[in-house]
Amino acid sequence: MKVCVAEKPSVAKEIAEIVGAKSRHDGYYEGNGYQVTWTFGHLCTLKEPHEYTDLWKQWTLRSLPMIPPRFGIKLISDRGIEKQFGIIESLMAKADAVINCGDAGQEGELIQRWVMQKAACKCPVYRLWISSLTEESIREGFQNLKPQSEFDSLYYAGLSRAIGDWLLGMNATRLYTLKYGQNRQVLSIGRVQTPTLALIVNRQLEIEHFVPQPYWELKTVYRDTTFSVTKGRFQTEEEGKEFLQKIEGFPFTVTDVTTKQGKEAPPRLFDLTSLQVECNKKFSYSAENTLKIIQSLYEKKVTTYPRVDTTFLSDDIYPKVPGILAALTDYQTLTAPFKTGKIPKSKKVFDNAKVTDHHAIIPTNVKAVNLTAEERKVYDLVARRFIAAFYPDCLIANTTVMGDVNQIEFKATGKQILSPGWRTVFGKEEESGDENESTLPAFTKGESGPHTPALAEKWTQPPKPYTEATLLRAMETAGKMVDDEELRDALKENGIGRPSTRAAIIETLFKRHYIRKERKNLIATQTGIELIGTIRDELLKSAELTGIWENKLRKIERNEYRAADFLEELKKMVSEIVLHVLSDNSGRITAAEPQPEAPKKKAAKPATATRPRKKKAAKNADSTPTAEASDAPTPPPTEKQPLVCPLCHSGEVIQGKTAYGCSRWREGCTFRLPFDQPGIPLDEATLRQRIQNYTPHSNTNQNE
């Protein structure tokens, strides 16, 4: 019997239908020589510190650094998980072979490997590796099963990431909480979240410390066209007025007209980060929400695997393009040119060297039906970007007009679209362009006439706060903001986080009350600012250095770097950080306040640096009361403050007949706090304490 293990029930059902396992049992399908079962995300996780030794049960400085001689995994304590694992374990014990049908990525590989290790799987294991959940793709994947050993490096990279996050997250969080925390505030430190927070804090400090400087611009209007003086900005008004006086009363003469024709290639296909950026710009969707939507589209079989960091397709996709275009029935007008002519194959779209595990996000040959409004918007972006990739370049004419007024040189530029090419796919949205793309009137060299000059005072502007879109780009390129796609590709190797984890990292910063949102801008709280200011070690907060670690993890995937070396480096770094912090005498960090602007909480992964529940104060000299509280409690509000919902952070706590709930329950918030006794509400102090210590069940790793 062959046992297939999928990552979720819905995928298991699809696989079961295709392999002929028609009979449904408790926790698995069976038939045609197959048993198809499933996990539901993480069933196993790394052990907590106290599970290695009793010495690590209590949060004390003297117990740091915590470095287990050998890391172990455990089954997550949950009745449903324990039952499903028991089913998987019994099936594997009798199996002739196991087929790992987990999500085709680093995290999916880690999830399944841990389950197999915990179940003591002894039989041969094969890997199903697919980029979409269409029937065609699944059948093709089963015809090309690979030995699991071919994916060992992927597993080692995932394991190194998990252990590295444990080492840094567990140790640094305890260290900084004990050393600098107050009011029972947990100071969460992570390999990725801390440098991400540092990006936001540093940008905010740049803005706060920015001192505007005046400057003056000299422009003149000739034939309804604005020309700028080529000298540039004037630093003093006197200098600007001197030039203004030189040109007043003199005619404007066109000295040169240059038109150069050029081409603009279609925009790249989407990887996950560029899709999240586009959705944030166009629809104000959070990175997390975009990931959920594109994951749903993937599970509905209408788009390919979403957690990708490439914008290219492999050559084997090219023969499938006509079928995909034919399935885009809602875009028949746009796909019509491809029904008769040959579909172009450009190196800017198809490049095997730029594709590793998965290709860019594209539609599949399954027609998109029964989509929600949000799914339809995201699908439309993916579909149009895919169609545009096969359209011709946009032909443009860039015109530069030079002018002279009493020997003072002026310049104007404009762009004219000669043939829209791929812009046709996007309609007026892409045709409009920015102010520099306006078409200039026809000028003739030597013509002359009156003009209207003006000197305007301007002020230098501070950098803009990060939005989720610009922060995602900064994470992708380790803090270097670049627009050029080729340069951005080169910097991706040293980006911080992975496409699949960046959204969760941003949500963790909200959850920890390190940042809040003002409209679309991400603003660091006082706690976030003080935390970054307290961290002296650049290794913890430098986006560039963290990007180097990420690059090493990618090299582990490619068998170019040893996982053992990466972990030894991290162990050494953690030990050095502990030593540096213990010798520091800085003050405490302001406790965080819950922010109503923060978005809905994300479920948390298992191996989180959680605090023990409240116990009696330790008598050890290196232990403080801050080490005794539950995970990230917040101070109770004063009498004048509303009771903010601890789950969604947007609504207010309201009283019902038998329990307290959230004022936004109609909008989906599920917060509920029952009375101790039916019909008898809690007293004010108890209610505030319960809300302060409220901790929902969570399954997402926040140690990064």
Side-chain angles (χ1 to χ4, degrees), residues 206-207 210-264 267 281-282 393-421 423-424 426-465 467 470 481-484 519-521:
E206 279 184 64
I207 295 169
F210 182 81
V211 179
Q213 298 293 330
Y215 65 92
W216 286 261
E217 288 184 341
L218 179 59
K219 297 184 178 183
T220 191
V221 178
Y222 171 70
R223 287 183 56 192
D224 297 323
T225 301
T226 300
F227 288 78
S228 300
V229 68
T230 57
K231 184 184 182 301
R233 298 175 174 180
F234 298 102
Q235 300 305 312
T236 65
E237 187 177 14
E238 290 72 20
E239 185 184 14
K241 285 183 176 179
E242 181 182 337
F243 272 75
L244 178 63
Q245 291 171 359
K246 288 181 179 179
I247 65 173
E248 285 180 328
F250 291 89
F252 184 97
T253 302
V254 175
T255 57
D256 187 59
V257 179
T258 305
T259 299
K260 293 182 179 179
Q261 293 193 8
K263 297 179 180 180
E264 290 181 344
K281 287 180 178 178
K282 280 188 164 61
D393 291 344
C394 171
L395 302 182
I396 58 172
N398 290 308
T399 302
T400 302
V401 181
M402 304 299 296
D404 179 274
V405 183
N406 193 23
Q407 299 184 344
I408 306 296
E409 190 177 55
F410 287 83
K411 178 182 178 180
T413 59
K415 180 164 75 175
Q416 183 180 4
I417 295 176
L418 304 177
S419 175
R423 286 178 179 263
T424 305
F426 300 97
K428 293 182 179 179
E429 173 190 345
E430 291 290 339
E431 287 178 10
S432 57
D434 59 33
E435 61 182 7
N436 294 323
E437 294 186 355
S438 57
T439 303
L440 299 177
F443 288 100
T444 304
K445 182 178 179 180
E447 69 173 84
S448 183
H451 61 103
T452 308
L455 182 68
E457 182 183 13
K458 300 287 181 72
W459 290 83
T460 55
Q461 297 297 312
K464 294 180 180 179
T467 63
T470 55
M481 298 302 293
V482 294
D483 293 323
D484 183 81
R519 296 181 181 175
K520 292 181 72 171
N521 295 333

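All residue numbers in this chain count up from 1 along the given sequence. Only heavy atoms go into these numbers, but all of them, side chains included; no hydrogens, no water, no symmetry mates.
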Only counting residues at least two apart or in another chain, list the ones meeting side-chain hydrogen bond (donor to acceptor under 3.5 Å, both in side chains) with [X].
{"X": "E217", "answer": "K458"}
{"X": "D256", "answer": "T258"}
{"X": "E409", "answer": "T230"}

Report yes if some heavy atom in the side chain of [X] is under 4.5 Å from a heavy atom in the side chain of [Y]; otherwise report no.
{"X": "T460", "Y": "R233", "answer": "yes"}
{"X": "H451", "Y": "V405", "answer": "yes"}
{"X": "F243", "Y": "L455", "answer": "no"}
{"X": "V229", "Y": "I247", "answer": "no"}
{"X": "Q416", "Y": "T399", "answer": "no"}
{"X": "P453", "Y": "E248", "answer": "yes"}

TODO: Take the angle between the ring planes of Y222 and F252 and call it parallel below 30°, perpendicular above 60°, tilted in between.
DONE: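 Y222 and F252: parallel rings.
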Open item on the list: Counting only heavy atoms from other residues, nucleotides and ligands, does the tally under 6.0 Å from NZ of K411 exceed 12?
Closed with: no
- [ ] Would you indicate whether K520, at its atom NZ, is surrounded by more than 12 heavy atoms from other residues, nucleotides or ligands within a distance under 6.0 Å?
- [x] yes
Give me the atom names and distance for the closest heavy-atom approach of [X] to [Y].
{"X": "A454", "Y": "L244", "answer": "N-CD1, 4.4 Å"}
{"X": "P214", "Y": "E457", "answer": "CB-OE2, 4.0 Å"}
{"X": "P463", "Y": "E206", "answer": "CG-OE1, 3.8 Å"}
{"X": "I396", "Y": "K263", "answer": "CG1-N, 4.3 Å"}
{"X": "K246", "Y": "N406", "answer": "O-ND2, 2.7 Å"}

Looking at [atom1] of [X] and [atom2] of [Y], how far apart are the two atoms once the value is rounded to the nearest 0.5 Å?
{"X": "F410", "Y": "M402", "atom1": "CZ", "atom2": "CE", "value": "10.5 Å"}
{"X": "F210", "Y": "Q461", "atom1": "CZ", "atom2": "CD", "value": "7.0 Å"}
{"X": "E238", "Y": "W216", "atom1": "CD", "atom2": "CH2", "value": "7.0 Å"}
{"X": "K241", "Y": "L218", "atom1": "NZ", "atom2": "CG", "value": "13.0 Å"}

TODO: Have a look at L440 and tell me which of T413, T400, T225, T259 forms a side-chain contact (heavy atoms from CB on, under 4.5 Å) with it.
DONE: T225
- [ ] Run the numbers on T470 and K464 for side chain to side chain contact (heavy atoms under 4.5 Å, CB included), then give the verdict.
- [x] CA-CA 10 Å; T470 55; K464 294 180 180 179; over 6 Å; no
Open item on the list: Which residue is it: T253, D404, T255? I am looking for the one with a side-chain hydrogen bond (donor to acceptor under 3.5 Å, both in side chains) to S448.
Closed with: T253
